[in-house]
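Data first, discussion second: the structure below is written as structure tokens.
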Amino acid sequence: MAGSLTRDEPAEGTVVPRPVPAVIRTVWYAAGVLARRILLLAGLLAAVFAAVELLPGDAADATSERGESAADLARRRHLLGLDRPVAERFWDWMTGLPTGDLGTSARGEPVADLLAHPFPNTLLLGGLALLLTLVASVALGCWAAAKPGSPLDRAVSASATGILALPEFVVAVALVLVFALWADWLPAVTLTDADGSPASWRMLVLPVLALAVPQIGWNTRIVRAALADEATAAHIETAVLDGLPRRRILTHHLLPGALPTIAAGIATSTGMLLGGAVVVETIFNYPGIGSVLAGAVADRDSPVIAGVVAVTGAVITGVLLLADLVRAWASGGRT
Amino acid sequence: MTATTADAKTAPASRRTRRRTALRVLPAVLLTALALAGPWLAPHAIDAPVTAPYAEPGGDAPLGGDQLGRDVLSRLLAGGRELVVTSLLVAVLVTAVAAVLGAVSALRPAIGRIVERTADVLMLLPAVLGILLVTLSWPDGGRLAVVTASVVLGVPYAVRLVAGAAAPVAASGYVEAAAVGGERLGYLVVREVLPNLRATLLALFGLRFVAAVYLVATAGFLQVGPQPPAADWALMIRENSAGIVLNPWAVLAPSIAIGLLAMSVNLAAAALVPATGRKAVPAL
């Protein structure tokens, strides 16, 4: 027996080398997805450069003071590097993101320095809101899907549709009025520590809620629809006929099948959350990129917003990459 | 070349669903009409103080005064028109551009692929940041900058939706016959494909109106839309939030107005989505 085994081993290894190609195929797939996502990010950077370049007005114009001479303007344009050839500036901009160089604001500060402290705060706010969105929308979607067509299902779907189109600042105003001014449970304004981060977790509650509420509406509908789609599949019918418990069907049969759609929906929400964060931070005086951008709006400072778009684009790229991999894993190589 | 599906038997049922759809569209139509007519109904001038700053409701000003003592009710009535007009304009433009591009994409797959890639790239750009990028890079753009940004950001997703709906139509026998018969692309798009997508385009218009209200209102709130002393719901919320304790109505009234507009328009849009396409929830 032992002899035959040893004799077979090399043959097995050379003729059907199954485990190795599977790994290679996975790596190859992941590399392909990564390359595609990086190309799309490069496309975004190019589009941002083109928008700033082609639209009338530049950073030197925007910050010009009344009565400033043409020579002053030209000198500032030179200081900001706006008089260099387009191709050179384009190359600097495209290669800047990986090296952490996001250009120079109209006031002459590096944009990366301006964002260094606020951006992690915004990521914290957006990350918490994304987590809450994921948990709440999957829970609500499953709850509604448990009894299709019931009053509960209709109530959940109707409220989800009602709140998904609300601008974040409207939700924020309602939350501030109810929880901060009338009930006095939570603070309406974010106070910061010496290091510039929110002083206590209670200050995060209302901003996170204001951001997450519309996205919960949005994703609850997606989860509900994905579960309804999946429920028509033949293997679900078999599971029901086999008399498996409802809960087991939901967790072991329905949810895995609906996972790719849910992942795509949550990934789409990332952009909405990061955009909405700018608005919500303004209301709660939260120390994130919202306050930086409020200053940029007052100064019409286009390099700052371009830098913010570049960093946000990179973060969204990361989340989409994760969603790609979840989808590939959930479909088990079927696609 | 329009397929009629309703036969005698389903006519009463379809009439009932049509009535139900009309009922769900009605609130949006009424609110839009009120916002458009509002400036004529305002009892006071929108830019002259009639009370003390942040005065409580009472007497001449049923909703009190704002930061400068201007009548909140008058500014509320006047402050919806620009939002509604701009949003309608954006929705019409996006739907029109997407209808043509979507039909072309269905007929010419190479163009469809370009549109797909553009939509993939724009997915990395949150709409709020996109509108800030355009308005800050174009300081003198004003309302045109807001409209341009909203249209550019909305078109790729809308094209995707139209192209999806147009694909079966483009593959149908009569369109292929017309194409083989030597009809030009423009003729195929306008005369053969688009007439069969009326329901999709109507639903798309509703969804784009929802998205436009969100974007235009948010632009107003971020102070890149209407500039003071203009009366604008979103700007009112931003300007008066400092006095929310003194006169909550100066903030609450415009918030309720935007909230009701967004919800009623969304209700209408959801009612217009064809039953078969309801699962395809397009991104804002």
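Source: prediction; values computed, not measured.
Both the backbone and the side chain of B:Thr218 come within contact range of chain A, judged by heavy atoms closer than 4.5 Å. Of the two parts of B:Ala234, the backbone and the side chain both hold a non-hydrogen atom closer than 4.5 Å to a non-hydrogen atom of chain A. Residue A:Thr282 touches chain B through its side chain alone, counting heavy-atom pairs closer than 4.5 Å. Both the backbone and the side chain of A:Ala296 have a heavy atom closer than 4.5 Å to some heavy atom of chain B. Both the backbone and the side chain of A:Leu44 come within contact range of chain B, each with at least one heavy atom under 4.5 Å from a heavy atom of that chain. The contact between B:Arg117 and chain A is made by backbone and side chain atoms together, counting heavy-atom distances below 4.5 Å. For chain B, the nearby part of A:Arg36 is the side chain; its heavy atoms alone come within less than 4.5 Å. Using a 4.5 Å cut-off between heavy atoms, A:Leu54 does not touch chain B at all. Contacts of A:Leu293 with chain B are made by side-chain atoms alone, with heavy-atom separations under 4.5 Å and no backbone atom involved.
No side-chain donor-acceptor contact under 3.5 Å links B:Asn266 to the backbone of A:Leu164.
Here the shortest heavy-atom pairing between A:Leu177 and B:Pro248 reads CD2-CB, 4.3 Å. Shown here for A:Ala294 and B:Arg238, the closest heavy-atom pair between the two residues is CB-NH2, 4.4 Å. Of all heavy-atom pairs spanning B:Pro126 and A:Gly271, the tightest one is CB-O, 3.2 Å. Minimum heavy-atom separation, B:Leu133 to A:Ala51: CD2-CB, 4.3 Å. The two residues B:Ser137 and A:Val52 have their closest heavy-atom pair at OG-CG2, 3.6 Å. When all heavy atoms are compared, the tightest approach of A:Ala165 to B:Val210 is CB-CG1, 3.4 Å.
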Residues A:Leu181, B:Val245; criterion side-chain contact (heavy atoms from CB on, under 4.5 Å); working and verdict:
CA-CA 7 Å; A:Leu181 296 181; B:Val245 184; 4.0 Å; yes
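Around atom CD of B:Glu56, no more than 12 heavy atoms belonging to other residues, nucleotides or ligands sit under 6.0 Å away. Residue B:Trp249 qualifies as open at atom CH2: its count of foreign heavy atoms under 6.0 Å is 12 or below.
Most heavy-atom pairs under 4.5 Å with chain B, from the set A:Val171, A:Val315, A:Val279: that is A:Val279. For the set A:Glu53, A:Glu168, A:Arg37, the entry with the most heavy-atom pairs within less than 4.5 Å of chain B is A:Glu168. For the options B:Leu124, B:Val128, B:Asp140, B:Leu122, heavy-atom pairs under 4.5 Å to chain A are most numerous at B:Leu124. Taking A:Val176, A:Val173, A:Val308, A:Ile163 one by one and counting their heavy-atom pairs under 4.5 Å with chain B, the maximum is reached by A:Val173.
With a 4.5 Å cut-off on side-chain heavy atoms, A:Val278 and B:Leu222 count as touching. In this structure, the side chains of A:Thr161 and B:Leu267 stay at 4.5 Å or more apart for every pair of heavy atoms. Residues A:Leu274 and B:Leu129 have side chains not in contact (no heavy-atom distance under 4.5 Å, counting atoms from C-beta outward). Two residues are said to be in side-chain contact when any heavy atoms from C-beta on lie closer than 4.5 Å; B:Met123 and A:Thr268 meet this criterion.
Pairs engaging residues 220-244 of chain B under the ring pair (Phe, Tyr, Trp, His ring centres under 6.0 Å) rule: A:Phe169-B:Phe221 [sequence neighbours left out].
Here the OG1 atom belonging to A:Thr312 is positioned 8.5 Å from the CG atom belonging to B:Leu125, to the nearest 0.5 angstrom. One distance of note links OG1 of B:Thr148 with CG of A:Leu55; it measures 8.0 Å at 0.5 Å rounding. If you take CD1 on A:Ile305 and CG on B:Leu132, they are separated by 4.5 Å, rounding to the nearest 0.5 Å.
Of all residues spanning residues 252-260 of chain B, those with a heavy atom less than 4.5 Å away from chain A's heavy atoms are B:Leu252, B:Ser255, B:Ile258, B:Gly259, arranged by number.
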